[in-house]
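Numbering of residues begins at 1 and proceeds along the displayed sequence.
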Amino acid sequence: MSWAESTLWVVLPYLTLVVFVGGLIWRHRYDKFGWTTRSSQLYESPLLRVASPLFHYGLVFVIVGHVTGLLIPASWTDAIGVSNAAYHLNALIWGGLAGLVTLVGLALLIYRRRATGPVFMATTANDKVMYAVLAASLVAGVVTTVTGYVPSDVSYRTTVAPWFRGIFILQPDVAAMRQADVLYKVHTLIGMALFVLFPFSRLVHALSAPLGYLFRPYIVYRSRTR
């Protein structure tokens with residue numbers, strides 16, 4: 001194992017986790033009022049009504065695809081009769097579609113932010129970096145999904161996934177990551193950069209979903225007239 005491999009696939013993942021968790025704790029403790037999306041709906045609404053659902057719903061499916069692809073070993077899908085070819089075909093169809101929808105939504109959001117004067121004026125340097133890293137991650141993800149369609153014995157399920165699962169048991173599989181295609185390595189590095197940026201950007205609002213609304217009592221409105 002070279003020092004470069006140790007840095008990229010052993011040191012960097014744990015450094016990313018430290019910054020991610022520590023950043024969230026710091027942000028929640030010292031910047032509670034900044035824990036927001038800084039909504040710009042007041043400045044422009046019609047385009048936002050199209051772009052925001054495309055981006056957010058697409059991103060939900062992208063996240064689900066990453067979770068299942070990285071955490072579920074190939075042996076489990078083999079055990080229930082899902083062949084490697086069938087798995088990659090589904091990943092291409094649904095993963096590619098989700099990635100494209102999310103990318104279109106993000107492109108519309110960026111266009112709206114650039115073309116609408118008040119929204120552009122409210123855009124910070126932090127926002128610009130966040131959009132750039134997020135766009136790079138999505139583009140890399142779509143490219144790896146399309147290029148990874150051809151089933152083979154060496155894929156992200158035998159390289160990136162074992163390495164990723166090994167991080168949480170303090171045994172990152174550098175040997176597996178060494179065999180990964182360069183596109184998957186680039187996508188992984190961009191993903192780690194996104195996690196480092198997450199606590200310090202508007203992306204942090206993803207952890208503040210109003211789940212309490214699902215269980216709150218009904219609000220009773222009474223008419224002013226008898």
Side-chain angles (χ1 to χ4, degrees), residues 16 19-21 23-24 26-28 31-70 90-146 186-216 218-219 221:
T16 299
V19 174
F20 178 75
V21 176
L24 289 177
W26 174 86
R27 184 83 180 267
H28 186 267
D31 190 29
K32 288 184 179 180
F33 290 105
W35 191 297
T36 173
T37 62
R38 298 196 303 275
S39 175
S40 58
Q41 185 175 2
L42 180 65
Y43 303 126
E44 194 281 336
S45 182
L47 185 58
L48 184 64
R49 283 199 296 265
V50 177
S52 183
L54 284 176
F55 173 75
H56 286 92
Y57 285 116
L59 191 60
V60 168
F61 285 98
V62 168
I63 294 173
V64 170
H66 278 72
V67 171
T68 56
L70 293 174
N90 275 279
L92 173 66
I93 296 174
W94 301 112
L97 181 61
L100 286 175
V101 169
T102 309
L103 195 56
V104 169
L106 180 63
L108 291 174
L109 288 174
I110 294 174
Y111 169 78
R112 170 184 175 272
R113 187 162 291 275
R114 185 63 185 86
T116 307
V119 181
F120 181 71
M121 293 296 294
T123 303
T124 64
N126 182 292
D127 292 332
K128 294 177 182 178
V129 173
M130 180 271 294
Y131 277 116
V133 176
L134 187 56
S137 179
L138 287 171
V139 170
V142 171
V143 171
T144 54
T145 299
V146 174
V186 170
H187 184 43
T188 302
L189 292 174
I190 297 174
M192 284 193 281
L194 190 61
F195 271 93
V196 168
L197 184 63
F198 185 95
F200 311 103
S201 68
R202 67 172 65 209
L203 293 174
V204 76
H205 80 276
L207 301 180
S208 300
L211 299 179
Y213 286 134
L214 299 176
F215 309 101
R216 70 176 184 175
Y218 291 108
I219 298 177
Y221 294 94

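A heavy-atom distance below 4.5 Å is found between the side chains of Leu194 and Leu203. The shortest side-chain heavy-atom distance between Leu106 and Leu134 falls under the 4.5 Å cut-off. Side-chain contact between Leu48 and Leu109 is present, with at least one heavy-atom pair separated by less than 4.5 Å.
Under a 3.5 Å cut-off, the side chain of Ser52 and the backbone N or O of Arg49 do not form any donor-acceptor pair. Side-chain N or O atoms of Ser201 include none that pairs as donor or acceptor with a backbone N or O of Met130 at under 3.5 Å. In terms of modelled atom types and a separation under 3.5 Å, the side chain of Ser137 and the main chain of Val133 share no donor-acceptor contact. A donor-acceptor pair under 3.5 Å links the side-chain atoms of Glu44 to the main chain of Leu47, judged by distance alone. Proximity of a side-chain donor or acceptor of Thr102 to a complementary backbone N or O of Ala98 within less than 3.5 Å is detected.
Residues passing the side-chain contact (heavy atoms from CB on, under 4.5 Å) test with Trp26, sequence neighbours excluded: Tyr30, Phe200. Among residues two or more places apart in sequence or in another chain, the side chain to side chain donor-acceptor pair (under 3.5 Å) test is passed with Thr124 by Asp127. Checked against side chain to side chain donor-acceptor pair (under 3.5 Å), Asn126 has no partners two or more places apart in sequence or in another chain. Qualifying side-chain contact (heavy atoms from CB on, under 4.5 Å) partners for Leu103, counting only residues two or more places apart in sequence or in other chains: Leu138, Val139.
For Trp35 and His205, the distance between ring centers is not under 6.0 angstrom.
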Pair Leu24-Arg27, side-chain contact (heavy atoms from CB on, under 4.5 Å): steps then yes or no: CA-CA 5 Å; Leu24 289 177; Arg27 184 83 180 267; 5.7 Å; no

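Closest of all the heavy-atom pairs between Gly23 and Pro199 is C-CB, 3.5 Å. The two residues Leu92 and Val146 make their nearest non-hydrogen contact at CD1-CA, 3.9 Å. Looking at every heavy atom in both residues, Phe195 comes nearest to Phe20 through O-CD1, 3.3 Å. Contact detail for Ala51 and Leu108: the closest heavy-atom pair is CB-CB, 3.5 Å.
Among residues at least two apart or in separate chains, ring-ring contact (aromatic ring centres under 6.0 Å, His included) pairs with a member in residues 47-68 are His66-His187.
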Scan the side chains in residues 113-122 for donor-acceptor partners under 3.5 Å anywhere in the protein, sequence neighbours excluded, and list what turns up.
unit_1 : atom_1 : unit_2 : atom_2 : d
Arg113 : NE     : Tyr131 : OH     : 3.2
Arg113 : NH1    : Thr123 : OG1    : 3.0
Thr116 : OG1    : Arg112 : O      : 3.0

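The CD1 atom of Ile93 sits 12.5 Å away from atom OG1 of Thr145, with the distance rounded to the nearest 0.5 Å.
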